[in-house]
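Given the structure is predicted, the values throughout are model-derived calculations rather than measurements.
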Amino acid sequence: ARAAAAWVARDLSFARERALATGTTTWVVFSVATNSYSVLAEDAAATGRAGALSITDPATGQAFVSRLSDPAFAGVSLSAVSISGGGNDLGFDWMGRPINAAGTRVTTNATITLSPAQTVTVTAGAGVVGVP
């Protein structure tokens, strides 16, 4: 579970760094139902979460989708996502600050909870990602 939490934190950090480097909002969209998440980039022609498009994972050359059902994470599941404003979509704006699906800055730390007993936190102000 600790390795899975580190993996999620790495991908969230990648999304934040991508947003800072490109000046384009980058989204991480979590699905508890499918035990997975995707990394998307906002389309300049259709701003906001609804217009975000899949990006390519630089490590695999495939669509950036991570599945916690992968055998490497046996017994681990995505159990909850808490983002102020609701939803399971966490974005990082051009300054690396976390935003919710409505495009407003989050006011409390976002948490991604994995079972068994691991949490990944994204700080509300700066968007710093950590595994406590």
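Residue D93 holds its CG atom at 10.0 Å from CD of E42, rounded to the nearest 0.5 Å. Here CZ of R18 is found 15.0 Å from OG of S13. Values are rounded to the nearest 0.5 Å. Rounded to the nearest 0.5 Å, atoms CD1 (I112) and OG (S82) are 8.5 Å apart.
Taking the side chain as every heavy atom from C-beta outward, P58 and F64 approach each other to under 4.5 Å. Within the 4.5 Å cutoff, the side chain of I83 has no heavy atoms near those of the T111 side chain. T24 has its side chain out of reach of W94: every pair of non-hydrogen atoms, C-beta onward, lies at least 4.5 Å apart. Looking at W27 and I99, their side chains come closer than 4.5 Å, going by heavy atoms from C-beta outward. Contact check for T26 versus F14: no side-chain heavy atoms found under the 4.5 Å cut-off.
Of all non-hydrogen atoms in S54 and A63, the two that sit nearest each other are OG-CB, 3.7 Å. Pairing each heavy atom of V39 with each of A15, the nearest pair is CG1-CB, 4.3 Å. For the residue pair G125 and R105, the shortest heavy atom distance occurs at O-NH2, 4.2 Å. The minimum heavy-atom distance between A41 and I55, with the atom names listed, is CB-CG2, 3.4 Å. Between P132 and R2 the shortest heavy-atom distance is O-NH1, 3.3 Å. Closest approach of A1 and P116 over heavy atoms only: CB-O, 3.4 Å.
A donor-acceptor pair under 3.5 Å links the side-chain atoms of R16 to the main chain of A126, judged by distance alone. Although no hydrogens or angles enter the test, the distance criterion places a donor-acceptor pair under 3.5 Å between the side chain of S79 and the main chain of T113. Panel note: side chain D57, backbone G61; no donor-acceptor pair is recorded below 3.5 Å. When atom types are taken as modelled, the side chain of S84 and the backbone of T107 share a donor-acceptor pair closer than 3.5 angstrom.
Among D89, T25, N100, the single residue meeting the side-chain hydrogen bond (donor to acceptor under 3.5 Å, both in side chains) criterion with R49 is D89. Test V28, V120, V76 against V8 for side-chain contact (heavy atoms from CB on, under 4.5 Å) and you get one pass: V120.
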Discussion item. Would D11 and S66 count as a side chain to side chain donor-acceptor pair (under 3.5 Å) here? Give the steps.
Written reply: CA-CA 9 Å; D11 289 347; S66 288; 3.1 Å; yes

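Hydrophobic clustering, with ILVMFWY side chains joined whenever heavy atoms are under 4.5 angstrom apart, groups V81 together with F73. Hydrophobic clustering of Ile, Leu, Val, Met, Phe, Trp and Tyr side chains at less than 4.5 Å, counting indirect connections, keeps L20 apart from V106. At a threshold of 4.5 Å between side-chain heavy atoms, the hydrophobic network of Ile, Leu, Val, Met, Phe, Trp and Tyr places W7 and L78 in one connected group. Residues Y37 and L12 are members of one and the same hydrophobic cluster, defined by side-chain heavy-atom contacts under 4.5 angstrom among Ile, Leu, Val, Met, Phe, Trp and Tyr. Side-chain heavy atoms closer than 4.5 Å link hydrophobic residues (I, L, V, M, F, W, Y) into clusters, and following such links, possibly through other members, connects L68 to V131.
Crowding of R10 atom CZ: a count of heavy atoms from other residues, nucleotides or ligands under 6.0 Å exceeding 12.
No side-chain N or O of N35 forms a donor-acceptor pair with one of S69 less than 3.5 Å apart.
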